[in-house]
Structure formats: structure tokens, C-alpha cells
> 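Mind having a look at this structure? Questions to follow.
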Amino acid sequence: MNSKMKAAEKLGEQWTEPWPSEGLESVGQCPVCGQTGRDLLHAELTDNAFRTAAGKWSLWKCATCGSAYLDPRPTPDTIHLAYATYYTHQQAAAKDDYAALGPPRRLRRRLVNGYTNWRYSTHAEPSSSFGVLAAFAIPRLQKILDRQYRHLPKVPEGGGKLLDVGCGDGSFLSLARSCGWEVVGLDPDPKAVSNAAKQGLTAHEGGIEFFAGETELFDVITLNHVIEHVYEPVKVLEACHALLKPGGQLWLETPNVDSFGHGRFQRNWRGLETPRHLVLFNRRSLKQAFVDAGFPAPRDRASPSPCSGMFKASFAMEHGLSPYEATAVPKGLKLQATMAALVGSFFPSRKEFLTVTARKGTR
């Protein structure tokens, strides 16, 4: 049983209670583009994902850029109340021992190691050079691995430094370190920072403001499902731009409010995660936010579709269940998820998650 399911077992009734009135703030304009025109997208949303955050919430859609945002929303001083059972509290799961694997999984491990040793400069063993061929012959496998390693570039000659904003349990920091990167993590959750430190990783409590006033420190910055949690997303992207060295890369992934999943499940879509997700982008608004922050040419990156898991979780929520409960999914829904994944591969604006990289310009 994973940590999220364990957390779901401890759910109380606090999610049906009102949010403290003194802990609310009005937004008034789109946090992405600053315009005031908007339409009500969903009313009286609740935390039906973790069922730990109190309150009923209104989600608005910007008439200009199409982003969605909460108004009113929790204040920065009270938002921690929504994270009481959040999964970053858990320590990273250990990798299965090679000797304990069956023959098919041993072969897969060798092939995977062969590809990551070639592409990301890991030194994982046992490995097989046929892993490179396997990855190119099986595009889904390559997408899975490239997404896992967040499309990292090669470490620059002389060494490179990477920052993971919202590092959680430190799993990605460990992975990047295995590629030769000097890694640093940030997370507002002190338990997550503590768990990362137990792995010998450098992590600091806080967000991007931890490095306020500093510039050109990192070759790579990654934000994995972080930007939807912040109050001023464009300012966060601007701060990342300032912290990157010339030519440095920013990698980001976030739920897509224009996805087929949201269209199908509406208020029960797992990607809403009210009220922790303060703002939700579409492809156009996200790329414009990159440009507004100083990045000249944001690029879509291929990644494995999460539609199967997202549709299953959303289906459970649609039926009043926790998304982490074992839920039987109808064949028709599985087909919908498959079709959504297929169409998303041809039309990035409808993908479940937006995965984007951009490089800071060189002088």
C-alpha cells in the first residue's frame, strides 16, 4: 500500500467544514496575465482528493488567457492547513534489489540502465548496451525514462549545478546526482526537507524566494507539479530565469486545464486538487508566461500519458471515493483514457499534463 493510500485511510470530516474566514484573500485579476475579465468555471469545489482541507471554493476561468484560478483563495499564512496529509511528508521508496527480481524485470533493469548510462551519464549496473536500441524501438519506454530524468541535458564540462523547486522526498535529486549533477532542493515542507537530508541531499525549507537577490547560480532548474501551487507564477518563472546561467534550462510540468480529463470529469477531475492548486494553465497561457518571464522559445517535451491513472482517480472521486482507493474501472472508461492519450499525442493543447522546457538566452 503506498503512502497516499495510507493517508487516505486517515481522512476526517474537516474537508466539509468552512475555511477560516480571516484566512481568505480576494484575487481580483488573473494571476497569469493580470486581466480581470473572467467566467465562473466551477462553484463550491471541495478537497475531494485528500479530504483534508476545509472550505468550498470557486474556480474562475480568465476570459483573456484561459487560465483558471481560485478566488477567493487561502492566504499565504493559512495555506499550510491544506497540506496536513500531503504526500511529500513520506520518505522515498527504496528501489527493488536486483537479485530479488524475476527474469523479465531483470532484463528490463539491464536495458533501462543501458539507456540511462548512455543518455544521462549514469553508472548504473548491471546494464546492457542494447538498452539504447530498446528505448528507440519502444517509444513509450523512451518517453517514460526521459520524463523520469526530466529531459536533463548533459552535465557541462567542469560540472553543473541543478535546483529542484518543490523537491519533495528528494527522489529526483538523487536521480540527478547519479547523473553527475551537483544538486540542491527547495521545499516549503520541513518534513520533506528532513527526509531529503536523510539521503545526504542538500535541501532548504522554502520556495524560490530562498535565493532572492542572487543570479546565475544554476545550469538546470526543475519544477515538477509546483507552478500550480504558487501565488505569483510569472514572478516564480522570472526568478528562475534570473537564477539560471546563460544557456541554462528550465523544465516544468503542470496539469492542463484544457485537457480531455478535465473536460470529461469537470469538478471531479483529479488535476483540480482544490485548494492546493491555486492556478491552472493551458498550453497557450503557460508558454506566454514563459515568454513574459524572459524565455524566448518554450518547447513541448514528449512524456508518457498519465490519462490511465488520472481517469481512474477522477472516476473514483466522481463516485464519492478517495482517488487512492482500489476502484474497478469500466471498460468504457479505459477506452476513453486510451483515446485521450492518443489524441493528446497529436494535439499537445489537450494533453493531461503540460511538459515544457526552455533555455535562457546567451549573451
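Please read all numbers here as calculations on a predicted model, not as lab measurements. These numbers come from the heavy atoms of this one structure, side chains and all, not from hydrogens, waters or symmetry mates.
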> When you check the gap from the basic side-chain N to the acidic O, do Asp47 and Arg276 get nearer than 4.0 Å?
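Yes, charged N to carboxylate O under 4.0 Å.
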
> Hydrophobic clusters join Ile, Leu, Val, Met, Phe, Trp and Tyr when side-chain heavy atoms are under 4.5 Å apart, directly or via other members; which others share one with Leu335?
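Leu335 clusters with Met339.
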
> Can you find a pair of side-chain heavy atoms, one from Val230 and one from Leu278, that are under 4.5 Å apart?
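Side-chain contact under 4.5 Å: no.
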
> Is Val132 isolated, or which residues cluster with it under the ILVMFWY side-chain rule of less than 4.5 Å, directly or via members?
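Same cluster as Val132: Val112, Tyr115, Trp118, Tyr120, Phe136, Ile138, Leu141, Leu145, Tyr149, Leu152, Val155, Leu162, Phe172, Leu173, Leu175, Trp181, Val183, Leu201, Val220.
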
> With rounding to the nearest 0.5 Å, note down the distance linking CD in Gln336 to OG in Ser308.
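Going from the CD atom of Gln336 to the OG atom of Ser308 covers 12.5 Å.
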
> Stepwise, does the side-chain contact (heavy atoms from CB on, under 4.5 Å) test hold for Trp15 with Lys56?
CA-CA 9 Å; Trp15 67 296; Lys56 292 186 178 181; over 6 Å; no

> Let me confirm one number: the CG-NE2 distance from Leu223 to His229, rounded to the nearest 0.5 Å.
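It is 11.0 Å, given to the nearest 0.5 Å.
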
> Once side chain to side chain contact (heavy atoms under 4.5 Å, CB included) is applied, do any residues pair with Ser345, and if so which ones, sequence neighbours excluded?
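Ser345: side chain to side chain contact (heavy atoms under 4.5 Å, CB included) contacts with Leu342.
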
> Quick one: does Val32's side chain get under 4.5 Å of Phe281's, heavy atoms only?
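Side chain of Val32 against side chain of Phe281, heavy atoms only: contact under 4.5 Å found.
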
> If you compare all heavy atoms of Leu45 against all heavy atoms of Leu59, which two are closest, and at what distance to 0.1 Å?
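It is CD1-CB, 3.8 Å.
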
> Report yes or no: do Ser171 and Ser174 form a side-chain donor-acceptor pair below 3.5 Å?
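Distance-only check fails for Ser171 and Ser174.
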
> Side chains of Glu318 and Trp269: do they bring a donor and an acceptor to under 3.5 Å?
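The criterion, which ignores hydrogens and geometry beyond distance, is not satisfied for Trp269 and Glu318.
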
> Report yes or no: does Glu205 contribute a side-chain atom to a donor-acceptor pair with the main-chain N or O of Asp187 at less than 3.5 Å?
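Here the side-chain-to-backbone pair does not exist.
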
> Any salt bridge between Arg38 and Asp71, counting N to O under 4.0 Å?
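A salt bridge links Arg38 with Asp71.
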
> State which residues pass side chain to side chain contact (heavy atoms under 4.5 Å, CB included) with Ser58; sequence neighbours excluded, sorted by chain then number.
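Partners of Ser58 under the side chain to side chain contact (heavy atoms under 4.5 Å, CB included) test: Leu40, Trp60.
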
> How far apart are the closest heavy atoms of Arg140 and Ser305, and which atoms are they?
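Looking at all heavy atoms of both residues, the closest pair is NH1-N, 4.2 Å.
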
> Hey, is the main chain of Gly247 close enough, under 3.5 Å, to the side chain of Thr362 for a donor-acceptor pair?
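The answer is no, because no donor-acceptor pair under 3.5 Å joins these two groups.
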
> Any link between Trp251 and Ile208 through a network of hydrophobic side chains (Ile, Leu, Val, Met, Phe, Trp, Tyr) touching at under 4.5 Å?
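Not linked; separate clusters.
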
> Verify whether one side chain among Thr36 and Gln29 offers a donor that lies under 3.5 Å from an acceptor in the other.
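There is no such pair between these side chains.
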
> Can a donor-acceptor pair be found, under 3.5 Å and without considering hydrogens, that links the side chain of Ser314 to the backbone of Met310?
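Pair found, side chain donor or acceptor close to backbone of Met310.
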
> Within a reach of under 6.0 Å around CD of Glu44, are more than 12 heavy atoms found that belong to other residues, nucleotides or ligands?
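Open: at most 12 neighbouring heavy atoms sit under 6.0 Å from CD of Glu44.
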
> Between the side chains of Glu325 and Thr327, does any donor sit under 3.5 Å from an acceptor?
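No, Thr327 and Glu325 have no side-chain donor paired with an acceptor closer than 3.5 Å.
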
> Is it true that Arg284 and Asp258 make a salt bridge, defined as a side-chain N closer than 4.0 Å to a carboxylate O?
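No salt bridge links Arg284 with Asp258.
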
> Under the salt bridge (Lys or Arg N to Asp or Glu O under 4.0 Å) rule, what pairs show up with a residue in residues 148-163, not counting sequence neighbours?
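Residue pairs with at least one partner in residues 148-163: Arg150-Asp164.
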
> Are any non-hydrogen side-chain atoms of Pro246 and Glu216 less than 4.5 angstrom apart?
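SC-SC contact between Pro246 and Glu216 confirmed.
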
> Under the side chain to side chain donor-acceptor pair (under 3.5 Å) rule, collect the residues that match up with Thr355, sequence neighbours excluded.
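Side chain to side chain donor-acceptor pair (under 3.5 Å) check on Thr355 returns Glu253, Ser303.
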
> Under a 3.5 Å distance rule, please check whether Lys360 uses its side chain to pair with a backbone N or O of Gly248 as donor and acceptor.
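Side chain of Lys360 to backbone of Gly248: no pair is present.
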
> Suppose we screen for ring pair (Phe, Tyr, Trp, His ring centres under 6.0 Å). Which residues come up paired with Tyr69, at least two apart in sequence or across chains?
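Ring pair (Phe, Tyr, Trp, His ring centres under 6.0 Å) check on Tyr69 returns nothing, list empty.
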
> Going by heavy atoms in the side chains, are Phe50 and Ser322 under 4.5 Å from each other?
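No, too far: nothing below the 4.5 Å cut-off.
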
> Would you indicate whether the side-chain heavy atoms of Thr222 and Val165 approach each other to under 4.5 Å?
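SC-SC contact between Val165 and Thr222 ruled out.
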
> Measuring only between side-chain heavy atoms, which start at C-beta, is Thr338 closer than 4.5 Å to Phe311?
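No - every pair of side-chain heavy atoms lies 4.5 Å or more apart.
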
> Do you know which two heavy atoms are closest between Cys62 and Gln35, and how far apart they sit?
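Heavy atoms of Cys62 and Gln35 come nearest at SG-CB, 4.5 Å.
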
> Run the side chain to side chain donor-acceptor pair (under 3.5 Å) test against Thr116 and tell me which residues pass, sequence neighbours left out.
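So Thr116 forms a side chain to side chain donor-acceptor pair (under 3.5 Å) with Thr122.
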
> Going by the side chain to side chain contact (heavy atoms under 4.5 Å, CB included) test, name the single residue among Ile227, Leu272, Leu280, Leu354 that passes it with Pro255.
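Running side chain to side chain contact (heavy atoms under 4.5 Å, CB included) over Ile227, Leu272, Leu280, Leu354 with Pro255 returns exactly one hit, Leu280.
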
> Taking Lys245 first and then Asp219, would you say they form a salt bridge - that is, a charged N and a carboxylate O separated by under 4.0 Å?
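Judged by the 4.0 Å cut-off on N to carboxylate O distance, Lys245 and Asp219 do form a salt bridge.
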
> Using the ring pair (Phe, Tyr, Trp, His ring centres under 6.0 Å) criterion, which residues pair with His204? Sequence neighbours excluded.
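Partners of His204 under the ring pair (Phe, Tyr, Trp, His ring centres under 6.0 Å) test: Phe210.
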
> Output all residues satisfying side chain to side chain donor-acceptor pair (under 3.5 Å) with Ser285, sequence neighbours left out; order by chain, then residue number.
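For Ser285 the side chain to side chain donor-acceptor pair (under 3.5 Å) partners, ignoring immediate neighbours, are Ser67, Asn282.
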
> So which atom in Val291 and which in Pro298 form the shortest heavy-atom distance, rounded to 0.1 Å?
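Residues Val291 and Pro298, closest heavy atoms: CG2-CD, 4.1 Å.
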
> What I want to check is whether the side chains of His262 and His42 have a donor and an acceptor closer together than 3.5 Å.
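On atom types as modelled, these side chains qualify, holding a pair under 3.5 Å.
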
> Any side-chain to backbone donor/acceptor pair from Gln266 onto Gly263? Under 3.5 Å, distance only.
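It does hold such a pair.
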
> If you measure from CG on Asn48 to CZ on Arg51, what distance do you get to the nearest 0.5 Å?
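Rounded to the nearest 0.5 Å, the CG-CZ separation comes to 7.0 Å.
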
> Would you say Gln148's side chain and Asp146's backbone share a donor-acceptor pair under 3.5 angstrom?
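Pair absent, no side-chain N/O of Gln148 close to backbone of Asp146.
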
> Arg73: what forms a side chain to side chain donor-acceptor pair (under 3.5 Å) with it, not counting sequence neighbours?
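By the side chain to side chain donor-acceptor pair (under 3.5 Å) rule, Arg73 matches Glu25.
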
> Kindly indicate, with the supporting measurements, whether the criterion side-chain contact (heavy atoms from CB on, under 4.5 Å) is fulfilled by Cys307 and Glu352.
CA-CA 6 Å; Cys307 284; Glu352 201 74 3; 4.0 Å; yes

> Does the pair Asp96/Arg109 count as a salt bridge with the N-to-O cut at 4.0 Å?
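Judged by the 4.0 Å cut-off on N to carboxylate O distance, Asp96 and Arg109 do not form a salt bridge.
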
> Carefully, step by step, assess Arg147 and Asn224 under the rule side chain to side chain donor-acceptor pair (under 3.5 Å).
CA-CA 10 Å; Arg147 164 59 182 79; Asn224 182 36; 2.9 Å; yes

> Under 4.5 Å between side-chain heavy atoms, hopping through other hydrophobics if needed: is there a path connecting Val226 to Val193?
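Hydrophobic grouping puts Val226 apart from Val193.
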
> Going by side chain to side chain contact (heavy atoms under 4.5 Å, CB included), name the residues that satisfy it together with Val234, two or more places apart in sequence or in a different chain.
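If we apply the side chain to side chain contact (heavy atoms under 4.5 Å, CB included) test to Val234, skipping adjacent residues, the hits are Glu238, Ala289, Asp292.
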
> Any chance you could measure Glu182, atom CD, to Arg177, atom CZ, to the nearest 0.5 Å?
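Separation between the atoms: 11.5 Å.
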
> Cationic tip of Arg106 within the cone over Tyr98's six-membered ring, i.e. under 6.0 Å and within 45° of the normal?
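Geometry flag: set, cation within 6.0 Å and 45°.
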
> Within a strict 4.5 Å, meaning less than it, do heavy atoms of the Phe290 and His241 side chains meet?
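Contact flag for Phe290/His241 side chains = no.
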
> Quick one: closest heavy-atom pair of Lys61 and Gly66, and the distance?
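Here Lys61 and Gly66 meet closest at CE-O, 3.3 Å.
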
> Is the shortest side-chain heavy-atom distance between Phe353 and Asn256 below 4.5 Å?
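The answer is no; the side chains never approach within 4.5 Å.
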
> To the nearest 0.5 Å, how far apart are NZ in Lys312 and CZ in Arg270?
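Those atoms lie 14.0 Å apart.
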
> Side chains of Thr357 and Arg299: is there a donor and an acceptor less than 3.5 Å apart?
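Distance-only check fails for Thr357 and Arg299.
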
